[in-house]
Amino acid sequence: MAADPSPADDLAAAKERGWRESSAIDAAFAAGHLDQRGWHDAVRALIEPAYLAADNPRAQSGHSGDAAHWERARRPLARALPPGGGDFLDIGCANGHLMETLTAWVAQDGIRIEPHGVDISQALAALARDRCPQWSSRIWHANAMDWTPPRTFAIVRTGLDYVPPTLRGSYVRHLLHAVVAPGGRLIVGVFNEERDQDRLEGDVASMGYRVAGHVTAPHRHPALLYKAFWVDSDAEPGT
């Protein structure tokens with residue numbers, strides 16, 4: 001009989017269902033057994049089949065809950081947007097469900113965004129184009145780590161979960177210099193983190209960037225919060 005999960009394991013699972021597999025991939029990268037491409041290939045092999053096999057738009061975006069849970073977990077992004085809205089790029093757009101739901105949510109608040117997306121998975125980018133044909137020309141297949149987009153965007157949303165920890169500094173720098181428009185905003189989130197810790201925000205601040213703001217929302221696990229924060233594109237390290 002399998003042992004009951006420890007409180008630490010329970011918390012890790014609440015933050016990310018595939019935490020054991022992700023931790024193993026991170027460890028292999030840290031030990032030099034995987035290079036950057038190998039790390040991304042391993043992560044893609046972990047998530048892509050599950051996303052593509054899912055039978056609803058939320059699960060195709062990696063979310064296990066119902067529509068109400070999806071909104072609780074993702075709608076905090078609406079409070080991270082600048083009041084004027086603008087062109088919005090979702091990095092890791094999966095099937096495009098975040099693009100469509102966020103666009104609808106902020107419209108209720110009188111904010112207009114023009115959604116775009118990019119995904120490292122060619123299959124998921126194709127799925128997003130099929131699901132959102134009105135935006136098919138705005139959805140690209142690329143690795144955002146070194147992608148030079150055809151244009152820049154006023155608002156760029158990314159996660160840092162699917163970036164090797166040692167490369168997060170260069171990733172954030174690349175986005176701010178090559179993907180976010182001058183005067184634009186880079187949003188990190190929404191992610192799950194302990195309510196009494198701000199490790200991810202602290203990591204970005206330690207790179208020398210000034211975190212311009214953040215939002216939180218209640219999580220179903222009492223020790224966690226949903227979180228997002230943002231950095232201005234004009235904020236160079238050390239300023």
Side-chain angles (χ1 to χ4, degrees), residues 1-66 69-70 72-74 90-98 117-128 141-147 157-172 188-195 197 199-204 219-228:
M1 180 181 296
D4 291 336
S6 69
D9 286 356
D10 176 65
L11 183 61
K15 292 169 68 176
E16 182 182 355
R17 285 176 298 155
W19 68 275
R20 293 185 190 275
E21 294 84 354
S22 297
S23 295
I25 294 170
D26 284 346
F29 179 82
H33 302 314
L34 293 174
D35 59 11
Q36 180 181 327
R37 179 171 180 175
W39 188 94
H40 282 107
D41 286 346
V43 171
R44 184 165 56 246
L46 176 65
I47 67 172
E48 186 180 78
Y51 284 26
L52 293 174
D55 62 359
N56 66 79
R58 297 172 304 282
Q60 289 174 346
S61 290
H63 185 80
S64 61
D66 60 16
H69 187 192
W70 168 267
R72 286 196 301 272
R74 300 293 182 264
D90 180 27
I91 296 179
C93 71
N95 69 346
H97 190 47
L98 179 61
V118 59
D119 200 285
I120 194 172
S121 164
Q122 186 169 2
L124 288 173
L127 176 61
H141 162 234
N143 183 345
M145 286 285 298
D146 54 12
W147 180 49
R157 187 218 70 86
T158 189
L160 295 182
D161 316 66
Y162 298 128
V163 180
T166 56
L167 299 181
R168 287 175 179 172
S170 58
Y171 175 66
V172 169
V188 177
V190 174
F191 55 94
N192 307 321
E193 192 178 48
E194 289 85 350
R195 62 172 52 246
Q197 299 181 28
R199 285 193 302 268
L200 197 56
E201 185 174 324
D203 287 347
V204 172
H219 192 282
R220 66 186 183 279
H221 194 293
L224 300 177
L225 289 173
Y226 294 117
K227 300 182 181 183

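Closest heavy-atom contact between Gly159 and Val163: O-CG2, 4.3 Å. Between Gly189 and Arg157, the shortest heavy-atom distance links the atoms O-NH1, 2.6 Å. A pairwise comparison of heavy atoms in Ala59 and Ala54 identifies CB-CB, 3.3 Å as the closest pair. Leu98 and Arg74 get closest at one heavy-atom pair: CD1-CB, 4.1 Å.
Between His97 and His63 the shortest side-chain heavy-atom distance does not fall below 4.5 Å. Using a 4.5 Å cut-off on side-chain heavy atoms (C-beta onward), Tyr171 and Thr158 make contact. With a 4.5 Å cut-off on side-chain heavy atoms, Asn192 and His221 do not count as touching. You'll find the side chain of Val204 reaches within 4.5 Å of the side chain of Leu160, heavy atoms only.
For Ala50, the side-chain contact (heavy atoms from CB on, under 4.5 Å) test picks out no residue, with sequence neighbours left out. Applying the ring-ring contact (aromatic ring centres under 6.0 Å, His included) rule to Tyr226 yields the partners His219; only residues at least two apart in sequence or on another chain are considered. Remark: Asp119 engages no residue in a salt bridge (charged side-chain N to carboxylate O under 4.0 Å, His left out) (not counting sequence neighbours). The side-chain contact (heavy atoms from CB on, under 4.5 Å) test applied to Ile47 returns Tyr51, Tyr162, not counting sequence neighbours. Under the side-chain contact (heavy atoms from CB on, under 4.5 Å) criterion, His141 pairs with Gln122, Ala125, Arg129, not counting sequence neighbours. Applying the side-chain contact (heavy atoms from CB on, under 4.5 Å) criterion to Leu127, with sequence neighbours excluded, gives Leu52, Gln60, Asn95, Leu124, Arg131.
Here CG of Leu224 is found 8.5 Å from CZ of Arg195. Values are rounded to the nearest 0.5 Å. Rounding to the nearest 0.5 Å places CG of Leu200 at 6.0 Å from CD of Glu193. One finds the CG atom of Leu167 at 5.0 Å from the CD atom of Gln36 (value rounded to the nearest 0.5 Å).
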Could you list the donor-acceptor pairs under 3.5 angstrom formed by side chains in residues 24-35, with sequence neighbours left out?
residue : atom : partner : partner atom : Å
Asp26   : OD1  : Trp39   : NE1          : 2.9
Asp35   : OD1  : Arg37   : N            : 3.3
Asp35   : OD1  : Gly38   : N            : 2.6

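For residues 44-63, the set of pairs meeting the salt bridge (Lys or Arg N to Asp or Glu O under 4.0 Å) definition, not counting sequence neighbours, comprises Asp41-Arg44.
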